[in-house]
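Below is one structure, written out as structure tokens; the observations come after it.
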Amino acid sequence: MPLLLLTFVTPFVGAVIIAAIPSAHRNAIRMVAASVATITLALAIYIFLSYDYRTGGFQFQERYPWLENLGIAFQLGVDGISAPMVLLTGIVIFTGVLVSWYVDYRTKDFFILLFTLVTGVIGVFISLDLFFLFFFYELAVLPMYLLIGVWGSTRKEYGAMKLVIYLTAGSVLVWIGILALYIAPEAKTFDLLRLGQMTFSPDFQRLFFPFFLLGFGVLAGLWPFHTWSPDGHVAAPTAVSMLHAGVLMKLGAYGIIRVGVSILPYGATVWMPVLVLLATVNVLYGAFSAMAQRDLKFVIGYSSISHMGYVLMGFGTLSVVGVSGAVLQMFSHGVMTALFFALVGMIYDRAHTREISAFGGLAHRMGLVSVFFVVAGLTSLGLPGLSGFVAELLIFIGTFQTYPIIGVLAIIGAAVTAVYILRLLATVFFGPFNTRWENLRDGSRVELFAAAVLVGVLVYVGVYPTLFVNIISSGVGPLLERVAGVG
Amino acid sequence: MNYWLFFPELLLVGLAFLLLIADLFLPTSRKHYLAFLGALSLAGVAAAALTLRGEKVSLFSGMFLVDDYALFFKFFFPALGVLVLLASVEYAKKRLTHTGEYYGLILISVLAMMLMTAAGELLTAYISLELLSFSLYIMAAYERDNPKSSEAGLKYILLGAFSSALLLYGISLIYGLAGTTSFEGIGRLVQGGNGPALFLGLALIIAGLGFKLAVVPFHMWAPDVYEGSPLPVTAYLSVASKAAGFALLLRLFATAFAPLMVDWQGVLAGVAAVTMTVGNLVAIQQRNIKRLLAYSAIGQAGYLLLGVVVLSPQAADAILFHLAGYAASNLAAFVAIIAYFNQTGHEDIPDYAGLAERAPFVALTLSIALFSLAGLPFFAGFTTKFYLFLAAAQGGFLWLAALAVLNSLISLYYYLLIVKEMYISPPPPQAGRLPVSILLHGVLGVLLIAVFLIGIYPSPLLTLIQAATRPLFF
């Protein structure tokens, strides 16, 4: 069974079906959206669970000819790095559709764009052909603009345009890198598997690795190209923020690993110290900025910058522990930040403000939302037993082995995270009750179910990370052996 | 000599005159029948061209070539002609007089473009180019009561005449040296080496064609002419005449001047760089959608020049491929604009506010067309640009390809400004839904399918194109 093709086509078919439903039938649209998201999630879970980490390598491979004379084929496959990412996408779109249940303004267009976005995202994670990887990578940008511009809030047009310009500027670099790669005497193919075995000349690698590093880095929120991200998060509607911070930023990180490191391993060894430095700035700068924010969504936005910094730092170590931790952090942060944005969305829908100082004692009225928020917060600051702890621990170990000083700074970052998260929890949910919120209601059943799913995943990974770590290291291992071979 | 090989052209001449005669007997209220008659004629011509597959001969002592390259355009231009004819019907009914001749001129200009691509020597090429230009001069000025249209026609004919003079002077110099105007003969002369007269002749030819193609610094006429001309004519100008110019340029450079082109690579690369950058940067400033698309078309000409600079077989494929993608996308954009203009008479970008609610399909097509022009995936533009830039990079012009990619980013910005108006800005108060005719919806649908097909399943088209460019290099 063409499992990957099916996973990729499902959201696309969903978008087409929704396009065919008259826009007045909102409930029909929602039902279709929910079913499509459920099928996508089911397929993603199936792929993740049936991935055999003992064999490793790329599994479920499929190949469809496209432009043979250029060496382009629609080639699919997942390994230990992409399998968790596909699962993450499934989880986030499933919960994203649920929390968007009450989108009433142009519901039809909203879901069409949402599923187009997901098609692109899944396409990137399962493509084993550089052309198609880039194709889907670019595809993800376009729906974002409209999703933020039409359904967003707070300076939405500015946020949307800024996001598009930054991301496209990043992909300009990637595009140039791909062109250069193709015309290098060795290549003449877009097949990632074959490119991943070739050895490009050291000068070439040193010159062109930054194109991939910075190009994809923009989407990963790499400092100093991160400023689109908080603005974009804040402007976006809830489900889009979830997908955006939860999955889209991971596309960038994934691109660095899948394209940059695996094709240009020597370039990676040359440039990784720079990445580690920038990532450290990410971690600290993101954390301190988050501390200074007054808008709930901005806090989460900057905390994403900080957490993506850990991901990039883990990559920078180029050690199995560090990189595995980074990939796990991609997954963990994706789920966690989706949960954060879902909850902030619930609060904003009811209170119509996100000003932190306006709240107080929300736990009295929104009991379950508060509980879930606390779980997300604790994951964020790395409490043992939740997924964030495992991921960050691995990253810290990896960093201490290679860059001890940076390791210390990374832990300081974690401490700052604890400060702003705990302070946020204290002001918003606990403390004296602000009577202005007398009539506030808890989340609806659908919304709370979505949040509960996300919390469940966080706890599961935190308590039993073995499966994830096994699968991830089966993908990271061969990659780093290649890097070690040239370094 | 086998006149059957010349049959599609003869047929088109006959049908064009038939159409003009039929015009005499039709009452004004039924003139639109002529558009359908014209569309049928062009379809017939393309069908007649089917019989020429695989031929490779020259007629009239080398003046007229029958090969797969010319054949490709015997389908390409009639197809464009049909779409423009059908897109013109409603516009012509509302805003043009003497519509019969208008449709006749479209047929004649298609003939001219077919001849241009089949020309085997400079004078035939020149005469077909003039036939095309004269048809277009008249069409640009067709809205007699609109001073802007008259201004457009006048500007176009003055600068057109000037550029024709340059071209002709260049041709005369080349003839003086080679003693022949055939591409083959010139090719032999050029083998013998370079000289100041040859250099000047080629420079003048490049400048003359540069005017026709609106590449910087010969582009000044384009925005004014595009703005003043009736909308379907602007669409036609921006797509068909540009394609014909590049088709001629490609054959001329690849067969006659190929050995010299190495010396010209640097200059042409500079022209390409300046053309795309100026086109895209100035487009940002525009308020009028026709002017915006005029500058965007200049930018696109810059991308196409990349292929001319490299002039490898792959680059030639890439030029035709991008031309096809650009034609589908740009025409889709213009037809959407025509649909909007027919109902409202507005052509400024802020007027498009809320179009997504007033005419959803038109707004969708326009957005997709613009995204395609910007080079976003799923649509023709991404695939064709990728192919084109790849060919440029392989020809040793990575820096130019990089600049082109950067320019695509700039273009995305101003295209998004239009999309923003349509989807994000609210419609003006009391603005209801806009009625759009079934015919226009049909044309938009066809173009949309083309944009998608080229974008995601390009291999059939590329196979055709590869067959078409083979005669240029062997």
Side-chain angles (χ1 to χ4, degrees), chain A residues 12 19 23 65-72 74 106 108-109 112-113 116 119-120 123 131-132 134-143 145-152 156-157 160-161 164-184 188 190 208 211, chain B residues 314 317-318 321 356-357 360 363-364 367-368 370-371 374-379 381-383 385-413 415-417 419-426 455-459 462-463 466:
Chain A
F12 184 70
S23 45
W66 199 68
L67 271 186
E68 292 294 338
N69 66 327
L70 286 187
I72 302 176
F74 187 44
R106 287 155 81 175
K108 173 177 163 173
D109 303 349
I112 293 177
L113 289 168
T116 315
T119 309
F131 173 83
F132 277 103
F134 184 59
F135 183 101
F136 293 122
Y137 182 81
E138 287 263 278
L139 179 62
V141 173
L142 182 155
Y145 177 76
L146 290 173
L147 281 169
I148 297 178
V150 178
W151 289 272
K156 55 184 186 178
E157 286 173 25
M161 187 58 99
V164 168
I165 299 293
Y166 266 77
L167 297 196
T168 328
S171 50
V172 166
L173 290 180
V174 175
W175 195 337
I176 296 170
I178 292 175
L179 291 177
L181 209 57
Y182 187 75
I183 60 170
K188 303 290 173 280
F190 287 98
F208 283 103
F211 281 77
Chain B
Q314 202 202 340
D317 294 345
F321 189 40
E357 283 168 42
L364 178 73
S367 318
I368 287 180
L370 295 175
F371 285 141
L376 288 181
F378 254 127
F379 313 128
F382 178 77
T383 312
K385 270 188 186 170
F386 198 90
Y387 200 90
L388 182 62
F389 297 168
L390 205 59
Q394 276 192 298
F397 284 87
L398 184 61
W399 67 270
L400 203 53
L403 186 67
V405 174
L406 194 65
N407 266 294
S408 299
L409 165 66
I410 300 175
S411 72
L412 180 62
Y413 172 73
Y415 293 134
L416 271 182
L417 292 181
V419 175
K420 188 191 96 180
E421 288 299 337
M422 294 192 295
Y423 279 87
I424 300 178
S425 304
I456 55 182
Y457 186 55
S459 44
L462 263 175
T463 315
Q466 276 157 354

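Proteins come first, then strands; the chains are lettered A, B, ... in the order of their sequence lines, and each starts at number 1.
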For this session: Using a 4.5 Å cut-off on heavy atoms from C-beta on, say whether the side chain of B:Y413 contacts that of A:M161.
Result: yes

Exercise. Is any side-chain heavy atom of A:I165 less than 4.5 Å from a side-chain heavy atom of B:L416?
Worked result: no

Problem set entry | Residues A:F74, B:I456; criterion side-chain contact (heavy atoms from CB on, under 4.5 Å); working and verdict | CA-CA 11 Å; A:F74 187 44; B:I456 55 182; over 6 Å; no

Exercise. What is the ring orientation for B:F386 with A:F131, classed by angle as parallel under 30°, tilted 30 to 60°, or perpendicular over 60°?
Worked result: perpendicular

For this session: Measure distances from B:L398 to the heavy atoms of chain A and classify the residue's part below 4.5 Å as side chain, backbone, both or neither.
Result: side chain

For this session: Tell me, out of A:F134, A:W151, A:W175, who's got the most heavy-atom pairs with chain B below 4.5 Å.
Result: A:W175

Seminar exercise, completed: Note: A:V150 and B:Y423 closest approach over all heavy atoms is CG2-O, 3.6 Å

Exercise. Where does B:A404 contact chain A at under 4.5 Å (heavy atoms): side chain, backbone, both or neither?
Worked result: neither

Exercise. B:L412 versus chain A, heavy atoms under 4.5 Å apart: side chain, backbone, both or neither?
Worked result: side chain

For this session: Tell me, for A:L67 versus chain B, whether the close heavy atoms (under 4.5 Å) come from the side chain, the backbone, both or neither.
Result: side chain

For this session: Take B:F378 and A:F12 through the test ring-ring contact (aromatic ring centres under 6.0 Å, His included) and record every step on the way to the result.
Result: CA-CA 12 Å; B:F378 254 127; A:F12 184 70; 5.7 Å; yes

Problem set entry | Residue A:I178 versus chain B: region with a heavy atom under 4.5 Å | side chain

Problem set entry | Min side-chain heavy-atom separation A:I72-B:Y387 under 4.5 Å | no

Seminar exercise, completed: Pair count under 4.5 Å, heavy atoms only, with chain B: among A:L173, A:I176, A:L142, A:V164, highest is A:L142

For this session: Please work out whether the ring planes of A:F135 and B:F382 are parallel, tilted or perpendicular, with thresholds of 30° and 60°.
Result: perpendicular

For this session: Mind listing the closest non-hydrogen atom pair of A:L179 and B:A393 along with its distance?
Result: CB-CB, 4.2 Å

